[in-house]
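Notes for the one structure printed next.
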Amino acid sequence: MATKCLSASQKSIKINVFFDRTLHPGTLRPCSCVCRAFGTNSAYSGRLICLKTKNDNLQNVTKIRSSKIEPTDYTQEFKKRSSADEVCREIHKCYQLVHNLGRGAVYLGSSRIKPDHHHFLQAMELARETAGLLECTTWSGVGPGLMDSIIKGALQAGKPVGGFKIAKEAGEWTSSNFHPYLPLDTYMTCRFFSARKHGLVDAAVRNNLTDRTAIIGLPGGIGTLDEIFEVLTLIQLKRIGSKYPVPFILMNYDGFYSKLLQFIDTCENWGTVSHGEVDSLWKVCNCNLEALEYLADFYDIPDSRRKFRGRLREAYV
């Protein structure tokens, strides 16, 4: 952008001049009383350009010398960045892994909760019973904390496990890109968070009525909240469940997400979220029994197959 002062009718008028890369180098396109066009991809040096205002009181033509603008080769700059192609290749590998193992229940949760925490035991129990109930693959971030509890629970049920590991968990770089006990063909270590998210979402999408999938949000921190709200947005925009609905459950163990739910109520009161909008996108459950009953009802699973009722620990119900 070049700013020039034009003398017209003995008045000094300040005009903002924008250059148009679609025009021939050295030309400008006047627009109303100011010259507005976009782009700075060519050098405009030493050209005399005529601007004529449309104001009836300003009819004289004034010559100005355009400012020299250094050209920018965006194509060459983009070619230097290989990350776009790398992300595409990694997403393709994520999709291939989902194709190999099958879609199923996707879990989002904290990587910092220790094995002796009761949420760890609750999540393990939920994963075990969900895998048996839906007879599906269990997917997670293949990390420590609740993600590890999910893997152990699904393996107890004898069901397949898959996941997308990331090089950095709980704010720290992992010591290895390899999982300590899962087979290499059941997970992949992602370099890009975007590819990892693509994989987790793809693992939950239903392609037909026989697919039984779910997305389950467990207690977690910033990363978990990021994934939970992204899923909410995708469901809201019909990017997930547009053809076949996918159940989304938020596990509110011990009121963990109560403050978050209050915040959403505040958003509704302020009008930034429609009343009942978020409630229609997920199911908030306070215990495993409530979540499993919801999944069983969602997929019309008969009572004879709801074996979890006699196996849940009363302390975690």
Side-chain angles (χ1 to χ4, degrees), residues 104-134 138-157 161 163 169-172 200 204 214-233 235 246-269 273 276-298 306-317:
V106 176
Y107 292 85
L108 315 172
S110 172
S111 60
R112 306 186 188 217
I113 292 182
K114 304 302 180 182
D116 58 352
H117 195 285
H118 62 278
H119 286 175
F120 188 98
L121 301 177
Q122 283 177 282
M124 187 182 349
E125 183 180 68
L126 178 63
R128 183 192 70 218
E129 298 301 331
T130 300
L133 180 68
L134 301 185
T138 297
W139 292 90
S140 72
V142 197
L146 293 184
M147 289 179 283
D148 189 49
S149 72
I150 293 305
I151 295 172
K152 291 178 178 178
L155 292 177
Q156 288 177 4
V161 171
E169 291 288 0
E172 298 180 357
L200 290 172
I215 303 174
I216 300 175
L218 298 167
I222 295 174
T224 303
L225 289 173
D226 169 51
E227 294 166 341
I228 285 175
F229 277 98
E230 181 163 354
V231 170
L232 270 180
T233 303
I235 295 176
V246 176
F248 182 23
I249 298 176
L250 184 70
M251 297 306 302
N252 190 31
Y253 290 147
D254 300 320
F256 182 88
Y257 283 116
S258 295
K259 295 293 185 180
L260 175 64
L261 299 175
Q262 291 176 16
F263 171 72
I264 293 175
D265 290 339
T266 300
C267 291
E268 291 183 354
N269 294 334
V273 175
E277 180 180 8
V278 177
D279 289 340
S280 67
L281 303 177
W282 63 14
K283 171 68 174 177
V284 179
C285 296
N286 296 313
C287 64
N288 291 343
L289 178 61
E290 187 179 358
L292 291 165
E293 291 286 7
Y294 174 76
L295 288 174
D297 292 341
F298 188 94
R306 303 189 186 194
K307 299 178 181 180
F308 57 83
R309 290 173 174 170
R311 289 199 293 254
L312 294 179
R313 302 183 186 184
E314 292 185 3
Y316 302 147
V317 173

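We use all heavy atoms of the structure for the numbers below, so side chains are in, but hydrogens, waters and symmetry mates are not.
In this structure, the separation between NZ on Lys152 and CE on Met147 is 13.0 Å, given to the nearest 0.5 Å. A distance of 11.0 Å separates NZ of Lys283 from CE of Met251, quoted to the nearest 0.5 Å. Taken to the nearest 0.5 Å, the CD1 atom of Ile235 stands 6.5 Å off from the CG atom of Leu281. Separation of atoms CD (Glu125) and CG (Leu292) is listed at 8.0 Å; rounding is to 0.5 Å. Going from atom CD of Glu227 over to atom CD of Glu230 covers 8.0 Å, rounded to the nearest 0.5 Å. One distance of note links CG of Leu260 with CG of Asn252; it measures 9.0 Å at 0.5 Å rounding.
Annotation for Thr224 and Tyr257: closest pair CG2-OH, 3.8 Å, computed over non-hydrogen atoms. Residues Ala214 and Leu134 approach most closely at CB-CD1, 4.4 Å, considering heavy atoms. Here the closest heavy-atom approach between residue Phe248 and residue Gly217 is recorded as CE1-N, 4.2 Å. The nearest pair of heavy atoms linking Val246 to Ile215 is CG1-CG1, 4.2 Å. Shown here for Ile151 and Val142, the closest heavy-atom pair between the two residues is CD1-CA, 4.0 Å. Contact detail for Ala154 and Val161: the closest heavy-atom pair is CB-CG2, 3.5 Å.
For the pair Gln122 (side chain) and Asn288 (backbone), a donor-acceptor distance under 3.5 Å is absent. A donor-acceptor distance shorter than 3.5 angstrom exists from the side chain of Ser280 to the backbone of Glu277, with no hydrogens or angles considered. Side chain of Tyr107 to backbone of Gly141: no donor-acceptor contact under 3.5 angstrom is found.
A 4.5 Å side-chain heavy-atom check between Phe256 and Leu218 finds every atom pair outside the cut-off. Residues Ile150 and Ile216 are not in side-chain contact: their nearest non-hydrogen atoms beyond the backbone lie 4.5 Å or more apart. Contact check for Leu261 versus Leu250: side-chain heavy atoms found under the 4.5 Å cut-off.
Between His119 and Tyr253, the angle of the ring planes lies from 30° to 60°, which puts this pair in the tilted group.
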Could you go through Arg309 and Glu293, starting from their C-alpha distance and side-chain angles, then the distance that decides it, and tell me whether this counts as salt bridge (Lys or Arg N to Asp or Glu O under 4.0 Å)?
CA-CA 9 Å; Arg309 290 173 174 170; Glu293 291 286 7; 2.8 Å; yes

